[in-house]
Amino acid sequence: MNAYAPILVLGALGAGFAIFSVVMASRIGPKRYNRAKLEAYECGIEPTPQPSGGGRFPIKYYLTAMLFIVFDIEIVFLYPWAVTFDSLGLFGLVEMLLFVLTVFVAYAYVWRRGGLEWD
């Protein structure tokens, strides 16, 4: 348990800081509401009315989300590899090069198929 104490303390400090920041911002922050502040923000584009049941999202939105997850998972695998690189030796280097090559092939396929373009 002593090995995990610094991690728990760091997590508690992070959570405490986040909660403190949110509470203090709501207590002492300015409260001058107007029509523009109460509207949904859509990257500078005027908000469009949505149907009462919600609107449909284009499939490009979900494809982009899936691509983000794939490349995010790659980073999840790269970090522990980088930490233990010295102990893995040449075998670890070759395995990670094969993994990165596989991901780049997938990236090139998606790029050629137009999955990264917003039309």
Side-chain angles (χ1 to χ4, degrees):
M1 187 63 183
N2 287 336
Y4 295 109
I7 296 172
L8 292 175
V9 169
L10 184 62
L13 281 173
F17 177 74
I19 292 169
F20 174 77
S21 298
V22 170
V23 169
M24 291 309 291
S26 66
R27 295 263 185 220
I28 63 175
K31 294 173 179 53
R32 293 177 298 227
Y33 299 108
N34 58 28
R35 188 176 142 262
K37 284 188 178 182
L38 295 176
E39 285 186 5
Y41 180 70
E42 294 185 11
C43 302
I45 301 171
E46 288 294 323
T48 57
Q50 293 289 329
S52 61
R56 294 181 132 199
F57 287 102
I59 192 69
K60 284 279 201 185
Y61 175 79
Y62 297 109
L63 290 176
T64 304
M66 291 298 288
L67 286 173
F68 171 75
I69 290 171
V70 166
F71 291 110
D72 193 44
I73 288 173
E74 177 188 8
I75 297 301
V76 169
F77 284 121
L78 281 173
Y79 183 74
W81 170 78
V83 170
T84 60
F85 178 72
D86 289 338
S87 64
L88 294 176
L90 183 62
F91 174 75
L93 178 64
V94 171
E95 289 296 319
M96 190 50 68
L97 285 176
L98 289 174
F99 175 70
V100 170
L101 179 69
T102 306
V103 172
F104 279 138
V105 167
Y107 176 72
Y109 174 77
V110 169
W111 189 4
R112 295 284 292 158
R113 298 284 299 198
L116 301 176
E117 296 177 11
W118 288 95
D119 291 328

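Sequential numbering from 1 along the given sequence is applied to the chain's residues. The structure displayed is predicted, hence computed values, not measured ones.
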Joint cluster assignment, Phe99 & Leu90, ILVMFWY side-chain distance < 4.5 Å: yes
Show me, pair by pair, the donor-acceptor contacts under 3.5 angstrom made by side chains of residues 102-113, not counting sequence neighbours?
from, atom 1, to, atom 2, distance (Å)
Thr102, OG1, Leu98, O, 2.8

ILVMFWY cluster, Val83 and Leu88 together (side-chain gap under 4.5 Å): no
Cluster overlap Val70 with Trp81, hydrophobic side-chain contacts below 4.5 Å: no
Ser26 to Val23 - nearest heavy-atom pair and separation: OG-O, 2.8 Å
Closest heavy-atom pair and its distance - Asn2, Pro6: O-CD, 3.7 Å
Euclidean distance, Tyr62 OH relative to Leu67 CG, rounded to 0.5 Å: 15.0 Å
Single-linkage hydrophobic cluster Met24~Val22, side-chain heavy atoms < 4.5 angstrom: no
Shared hydrophobic cluster, Leu93 / Ile75 (ILVMFWY, side-chain heavy atoms < 4.5 Å): yes
Trace of the side chain to side chain contact (heavy atoms under 4.5 Å, CB included) decision for Met96 with Val100: CA-CA 6 Å; Met96 190 50 68; Val100 170; 4.2 Å; yes
Side-chain hydrophobic cluster, 4.5 Å single linkage: members besides Leu10: none
Smallest separation among heavy atoms of Lys31 and Arg27, with atom names: NZ-O, 3.3 Å
Within 6.0 angstrom of Phe77 CZ, more than 12 heavy atoms from elsewhere: no
